[in-house]
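Basis for what follows: all heavy atoms, side chains included, without hydrogens, waters or symmetry-related copies.
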Amino acid sequence: MKTPNLEITPQNLELRFSQLLRVTDKLKSSKYSDSKKKEKLHQTLMVAITKIDDCNFCGLSKTELWHHHVLIERIFLWLEYLVDSTINQTPYEIMNCLELVLADWIDDLDNYVLLTSLSNKRNDFAFHYDQDPSLLIEIRKLLKQYYDIDLELDVIRIILPKFLSHDYLTAVHLYHELAHFIDWKYSVTDQVLFKRGLLFRKDADENKIKYQEHFADIFAAQYVDRASCVHLSYLTYRKPNGKHPPTRIRIELVENFLDEKESMIVSDIKKATLSCTRRPLKKRFKTAGISDFNNLIPIEVRAPEELHGLFIEAWDIWQNPKSALRKNFKRSDLYRILNNLVEKSISNYFLTQAWEKKYVSDEIRN
Amino acid sequence: MYLTKSAIEKLLDNKQLIIRPLLDKQTQLGEVSLDLRLGQDFLVSYLGRDVSIDATGETRNRPLHIFFDETRRIVGEAFVFHPNQVVLCSTLEYIRLPDNVFMSLTTRSSYSRLGFSLSTVVQPGYCGCISIELTNTGNVPVKVLVGARLLQARFFKMESSTKYLNTDRKYLCQVRPQVSKAPEDTEFKILKSLVNTTPNLP
């Protein structure tokens, strides 16, 4: 056996592509009926794979081999996410909530598709996206150049634990992770660091991580109040992340934001957010005074603010040792009941919205 | 007492009877009944490596859910019921019944004519989507739209109230179909002990 060549060879590209075809076989009949954008991405990738399959890798130059390596790796990555994004796998109720959040902050939401990957790790909640926007531009260029394929969509990849994919208490963490995407898109943290004169100091990276976390905490609190802090304090208890700011300070800042107390950090983050996104950081949730959850029935949600409020209502009951439900049910039953009630409230909201929209438009037509 | 349209409406208005979502009250509410829709989640029975489903409560046996495949649809998609395959599904509607009203659930005649049959009773005070066991007893597969008005509920008022939550409930606040929890029945232990203690009856 010869020493491996450090360049991309036709043979190792053929191996990778054969692996890709194996995944493709499993995906061919996948259904993504919750999202036309996923269907569109799927179709585009299938066309690309079919065309690449006809390509003779041995006839490619070094540059062309490298281009095909980039394409194949990217298609592989997206397929890995599409596998878990089918109607049977993806928890589309929580995904729909996150899309509403994105709609608050992104004008060109139609260009983005949310894909999910289910992890076996219990604390795996993350948003992944291309940190370097030029990479996607390059991939689009290569698809057009070699195979005359137009790829219009950008992909946001969400990871969540497989066994907790219908856990709506823990799902509040995704609001925090989504905030990192918004921060990246608008460079909010960079703006804060710049204004505070911290951007070009030696410890800029350290400060950046701190402010990124503070921004994400406050961003999440807009939608889920203190619920994300409750989970955060559990996850970081006795095992603080060295790079992240202390949990105590993070929670304090969230409290300051929610209670509208004076805080220089909160104030700086609010100003930078407004300046970068042209949108204010403010409370974007509503809760009913007395929750229907206490009567074991789903809440009739009428607006997106109330939708985000569902997570708060569920946490309020879970956290309250004096709640009637706590007294009447075993903890495992209460956990199941709360998750069921949140899920049904969310799905009822989206279904009712769609039904009313269709019903009204049909009536007008008739 | 058998409840008529006005009585059912009154219960709905007073929020004694909860049905969420009630997408089209005008169409769903009949003179003596209320139509319920087919939900989005399904458990489809299939033949696995085990030779039989053991519902005797033997703890060493594999759980019953392994005999079913879970699948989801969105409202408006079709679901195919194959002949003689047990499909567990649920109502689209989450229901909470008053403490003095029970509900009888059957398939609408339009669907009975296609080979479906169901007859079940839901106890007073029940809350949750209702798990239903549907089998296509015909010879050909039948495609049904998710969200279609497949079921018909009739309501009966009792002279006195009951407390649904006074006893442990196996299927409380469910939003998707559940496999049988028969093996959790508490008298299984007693039943099994009778084998060695009672004389054989003729």
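- Heavy atoms from other residues, nucleotides or ligands lying under 6.0 Å from CG of B:N139 number 12 at most.
- Contact annotation for A:Y349: neither backbone nor side-chain heavy atoms come within less than 4.5 Å of a heavy atom of chain B.
- Residue B:L22 does not touch chain A at all, counting heavy-atom pairs closer than 4.5 Å.
- There is no contact between A:D333 and chain B, counting heavy-atom distances below 4.5 Å.
- Rounding to the nearest 0.5 angstrom, the gap separating the SG atom in B:C127 from the CG atom in A:N340 is 10.5 Å.
- Per-residue heavy-atom pair counts under 4.5 Å with chain B were compared for A:I87, A:N339, A:N328, and the maximum is reached by A:I87.
- Within a 6.0 Å radius of CD in A:Q353, more than 12 heavy atoms belonging to other residues, nucleotides or ligands are found.
- Contacts between A:L338 and chain B at a heavy-atom distance below 4.5 Å are absent for every atom of the residue.
- Between atom CG of residue A:N348 and atom CZ of residue B:R20 there is a gap of 8.5 Å, rounded to the nearest 0.5 Å.
- Distance check: B:D41 CG to A:E343 CD gives 7.0 Å after rounding to the nearest 0.5 Å.
- The candidate with the highest count of non-hydrogen atom pairs below 4.5 Å against chain B, out of A:A354, A:P298, A:S347, is A:P298.
- Between A:L351 atom CG and B:Q40 atom CD the span is 6.5 Å, to the nearest 0.5 Å.
- Within residues 301-322 of chain A, no residue has any heavy atom closer than 4.5 Å to a heavy atom of chain B.
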Practice task
Step by step, work out the side chain to side chain contact (heavy atoms under 4.5 Å, CB included) result for A:W355 and B:V75.
Solution key: CA-CA 10 Å; A:W355 178 274; B:V75 173; over 6 Å; no
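- The greatest number of non-hydrogen atom pairs below 4.5 Å with chain A, out of B:I18, B:I74, B:L23, is found for B:L23.
- Taking 4.0 Å as the cut-off between side-chain N and carboxylate O, B:R176 and A:E93 do not count as a salt-bridged pair.
- Between B:K15 atom NZ and A:I297 atom CD1 the span is 7.5 Å, to the nearest 0.5 Å.
- In the displayed structure, B:K25 atom NZ is contacted under 6.0 Å by more than 12 heavy atoms of other residues, nucleotides or ligands.
- With rounding to the nearest 0.5 Å, the separation of CD1 in A:I337 from CD in B:Q174 is 8.5 Å.
- Residues of residues 87-94 of chain B placed with any heavy atom under 4.5 Å of a heavy atom in chain A are listed by number as B:L92, B:Y94.
- Counting heavy atoms of neighbouring residues, nucleotides and ligands inside a 6.0 Å radius, atom CZ of A:R326 exceeds 12 of them.
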